Amino acid sequence: MQGPGENAGAVDIGAGLACVFKIESHNHPSAIEPYQGAATGVGGILRDIFTMGARPLALLDSLRFGPLDEPRQRHLFEGVVAGIGGYGNCVGVPTVGGEVYFDASYRQNCVVNAMCVGVVEHAKLTRARAAGAGNLVLLVGADTGRDGIHGASFASVVLDEASESRRPAVQVGNPFLEKCLMEACLELAGQPGVVAMQDLGAAGLTGSAAELAHRGGCGIEIDVARVSRRETGMSAYEVMLSESQERMLLVVTRERLAAVRETFARWDLHSDSVGVIFDEPRLIVRDGGDIVADLPVETAVSGAPVRQPVGALREQPQDASPPPPPSPWPAGETLLRLLAAPNIGSRRGIFRSYDHQVGGATVVLPGGDAAVVRVPGTSLALAVSTDGNARYSALDARRGAAIAVCEAARNVSATGAVPVGITNCLNFANPERAEVYDALRASIEGIAEACRAFDIPVVSGNVSLYNDAPSGGIDPTVVIGMVGVIDDVERHCTAAFSVDDDLVALLGPIGTELGGSEYLRLVQGAGDGEPPHVDLQLEARVQAFVREAIAAGLLRSAHDCAEGGFAVAIAESCLLGGRGAWVGIEELERESADPAGEAGILFGESQSRFIVSFPREALVQLHDLSSRRQVPFAGIGSVGGERLVVTGAIDVPLSELREAYEGALDAPA
């Protein structure tokens with residue numbers, strides 16, 4: 001219903017409703033001031049959703065930091081988590097999911113991406129397109145101050161020793177004011193006379209006013225003398241570039257101005273009539289009687305010169321990764337060490353600091369593959385997830401981006417939801433360097449290729465560039481936000497083993513690929529080699545199998561194999577359900593002639609795979625479905641007991657698995 005170019009994208013989800021969603025970055029501000037940087041990132045993405053007339057239902061995040069055992073990285077990590085929780089909890093929107101990774105490439109530039117998902121009736125979907133000569137421009141919300149000036153340009157500089165002096169460019173948030181602003185805007189959405197709504201984000205009034213006019217093909221005049229301020233002596237330049245938070249621009253008809261202002265007043269919100277719409281597509285800024293800026297809207301919005309750096313020739317990956325080094329520990333201890341690693345272990349310490357159930361719509365809580373949120377007043381539910389793997393992208397940018405789409409879709413499909421659209425955040429280093437530009441281009445190609453295979457649109461997104469420092473830039477970090485729809489919320493599935501004596505199966509290829517894996521990071525200190533291959537057609541068939549089996553009531557659990565591979569996925573399903581499992585891999589070993597051997601089977605990160613559990617009486621139907629869908633299906637064991645046993649390799653009590661998993665973020669592994 002709405003693609004890129006508006007504040008957020010929108011897709012039809014049935015019942016006369018649209019899902020509105022987007023993801024954005026707040027990386028540089030969070031590196032300088034982690035609490036406010038993350039908090040105002042949440043505030044900004046919330047405004048992108050409710051400015052479309054949609055009520056926010058859920059927040060998610062995607063975070064990257066340097067090694068957790070370094071004091072500065074621990075400070076950034078804890079500050080960002082606190083900022084996300086502090087803002088989201090106060091505004092009353094649950095933070096239901098996300099991801100966090102730690103790697104040396106983020107030592108100087110953390111990555112803080114925030115996603116919001118909302119729902120709106122079709123008739124109330126609101127655009128930020130100014131129209132109607134003579135209509136008035138209303139600035140609503142917080143008074144304007146000097147915080148955040150040059151915030152937009154700050155996002156496009158390389159961080160160095162002098163970056164701390166840019167702290168004033170970091171905005172300061174007020175979630176309680178945002179709550180009032182949200183409720184007032186939602187009340188006005190779809191009302192006659194409310195022509196457009198636009199939040200004030202990057203470049204403040206300058207960006208928002210120009211975008212409103214450009215989308216509508218008209219002109220806009222702003223008088224900064226009418227803008228309420230919380231600081232004295234501000235110049236017109238400062239007023240126009242201020243990025244003070246919790247502010248919105250509305251275009252309203254003259255006849256409705258008083259009624260709209262009265263609505264805001266009931267929510268204790270100040271509003272100023274600061275401008276007017278006219279036909280000629282120009283951006284005019286006045287300071288009382290003086291014109292201080294006058295330029296074509298086209299110049300302000302899309303007049304920046306297009307730069308096309310010459311891309312470096314991409315090196316093709318080797319045909320095969322060299323044989324992996326053997327683990328210095330037995331397989332059981334290797335599994336425990338992987339579960340205790342910060343990149344795999346439990347995120348409970350994070351999501352417990354977020355109110356992930358406020359509003360009462362959260363059906364599947366954080367900790368599994370995707371969160372599930374009920375759509376109020378219907379039987380529908382949304383499954384939402386954020387995913388990305390920069391280790392794969394650093395080795396092969398195109399393949400890594402495609403895998404990010406696949407993993408996000410797998411996580412959504414594991415709940416029984418049909419993927420309906422994605423948003424993306426492309427976090428890269430300095431694109432003026434040929435290899436970075438080339439990786440950016442390749443990543444876009446990978447996203448497009450995967451989305452065509454799944455027949456899903458990219459409806460919104462964000463790019464964060466110049467995540468760089470004199471010591472080097474971040475790895476290409478493609479973050480995918482995925483939304484799926486479940487027609488009947490009662491038919492959703494989780495990743496937890498839930499019933500003793502259920503059978504366990506591996507769905508998809510056996511897979512033994514260790515390139516770029518957490519296993520290699522553990523045993524040799526780096527995830528090198530060739531990243532996993534991905535067969536997009538097989539991926540689509542595997543996911544369709546999972547969704548059909550869940551809809552038919554054949555599966556009790558479904559969990560995708562991702563970081564840590566087969567063994568970690570089974571361990572996580574055991575821990576989520578509080579039940580052990582017995583698994584035999586002899587048949588898998590016989591069918592696989594890979595030199596990676598047992599380590600590859602247990603810890604390889606090959607794609608297109610799920611661990612599923614199901615009642616014994618469903619076995620025949622699942623075999624029939626696998627044959628019809630042309631999907632590999634191998635029975636490997638059963639649920640039950642207090643231990644995870646993988647014959648000939650692993651025999652560990654659940655208590656030890658849980659101790660390792662739950663302590664991963666408390667002390668560095």
Side-chain angles (χ1 to χ4, degrees), residues 64-65 67-69 99-104 321 324-350 367-369 387 389-392 403 407 411 495 497 506 510-529 531-532 559-576 580-581 583 585 588 596-607 609-611 636 643-646 648-669:
R64 305 286 189 279
F65 303 96
L68 190 55
D69 58 352
E99 56 168 7
V100 59
Y101 286 91
F102 303 90
D103 184 85
S321 299
S327 172
W329 313 284
E333 186 174 348
T334 300
L335 173 60
L336 289 171
R337 288 175 177 268
L338 283 170
L339 290 173
N343 284 349
I344 290 181
S346 172
R347 274 68 179 121
R348 183 180 301 277
I350 298 175
D369 290 307
D387 290 282
N389 191 316
R391 288 177 291 111
Y392 298 162
I403 288 174
E407 183 174 355
N411 284 334
F497 290 158
L506 171 65
I510 296 170
T512 58
E513 296 165 287
L514 285 165
S517 67
E518 286 295 326
Y519 172 85
L520 286 190
R521 181 198 290 266
L522 177 69
V523 302
Q524 69 180 24
D528 296 329
H559 185 28
D560 84 308
C561 295
E563 290 81 6
F566 173 89
V568 165
I570 293 174
E572 288 173 337
S573 290
C574 288
L575 292 170
L576 288 167
V583 175
I585 61 170
L588 303 183
E598 180 183 275
I601 289 173
L602 291 174
F603 307 116
E605 296 181 7
S606 295
Q607 300 298 294
R609 300 187 300 160
F610 289 82
I611 299 296
I636 55 174
R643 309 178 73 84
L644 171 57
V645 178
V646 179
I650 295 171
D651 186 351
V652 182
L654 278 184
S655 58
E656 290 186 25
L657 296 175
R658 190 171 303 282
E659 182 180 3
Y661 189 65
E662 296 293 347
L665 297 182
D666 296 336

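Computation of the quantities below employed the complete heavy-atom set of this structure, encompassing side-chain atoms and omitting hydrogens, waters and symmetry-equivalent molecules. Given the structure is predicted, the values throughout are model-derived calculations rather than measurements. Starting from 1, each residue takes its place in the sequence as its number.
Nearest heavy-atom pair, Leu514 versus Ala599, reported as atom, atom and distance to 0.1 Å: CD2-O, 4.1 Å. Between Ala104 and Pro67, the closest heavy-atom pair is CA-CD, 3.8 Å. For the residue pair Leu68 and Pro342, the shortest heavy atom distance occurs at CD2-CB, 4.4 Å. Here the closest non-hydrogen pair linking Ser606 and Thr512 is OG-N, 3.2 Å. Shortest non-hydrogen contact noted between Gly515 and Leu520 is CA-CD1, 4.2 Å. What you find for Gly564 and Glu605 is that their closest heavy atoms are N-OE2, 3.0 Å.
Considering only heavy atoms from C-beta on, Leu588 comes within 4.5 Å of Ile636 through its side chain. Side-chain contact between Glu563 and Asn343 is absent, with no heavy-atom pair separated by less than 4.5 Å. Leu665 places a side-chain heavy atom less than 4.5 Å from the side chain of Phe102. Counting heavy atoms from C-beta outward, Phe566 and Ile585 have side chains that approach closer than 4.5 Å. Side-chain contact check for Leu575 versus Glu662: every heavy-atom pair is 4.5 Å or farther apart. Looking at Glu407 and Tyr392, their side chains never come closer than 4.5 Å, going by heavy atoms from C-beta outward. At a threshold of 4.5 Å between non-hydrogen side-chain atoms, the residues Glu572 and Ile611 do not count as touching. Side-chain contact check for Phe603 versus Val523: every heavy-atom pair is 4.5 Å or farther apart.
Between atom CZ of residue Phe497 and atom NE2 of residue His559 there is a gap of 8.5 Å, rounded to the nearest 0.5 Å. Between the CG atom of Leu339 and the CD atom of Glu656 there is a distance of 11.5 Å, given to the nearest 0.5 Å. Going from atom CG of Leu338 over to atom CD of Glu518 covers 7.5 Å, rounded to the nearest 0.5 Å. The distance from the OG atom of Ser573 to the CG atom of Asp369 is 7.5 Å, given to the nearest 0.5 Å. For the atom pair Ile570 CD1 and Leu335 CG, the distance stands at 9.5 Å (nearest 0.5 Å). Here the CG atom belonging to Asp560 is positioned 7.5 Å from the CG atom belonging to Asp387, to the nearest 0.5 angstrom.
For Tyr661, there are no side-chain hydrogen bond (donor to acceptor under 3.5 Å, both in side chains) partners two or more places apart in sequence or in a different chain. Under the side chain to side chain contact (heavy atoms under 4.5 Å, CB included) criterion, Ala649 pairs with Ala331, Glu598, Leu602, Val646, sequence neighbours left out. With sequence neighbours left out, the side-chain hydrogen bond (donor to acceptor under 3.5 Å, both in side chains) criterion links Glu333 to Arg337.
Between Asp651 and Arg643 there is a salt bridge, since at least one side-chain N of the basic residue sits less than 4.0 Å from a carboxylate O of the acidic one.
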Inset, instruction - Take Val645 and Val583, measure what side chain to side chain contact (heavy atoms under 4.5 Å, CB included) needs, and give me the verdict at the end. - result: CA-CA 6 Å; Val645 178; Val583 175; over 6 Å; no
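Arg609 places a side-chain N or O within donor-acceptor distance of the main-chain N or O of Ile510, the cut-off being under 3.5 Å.
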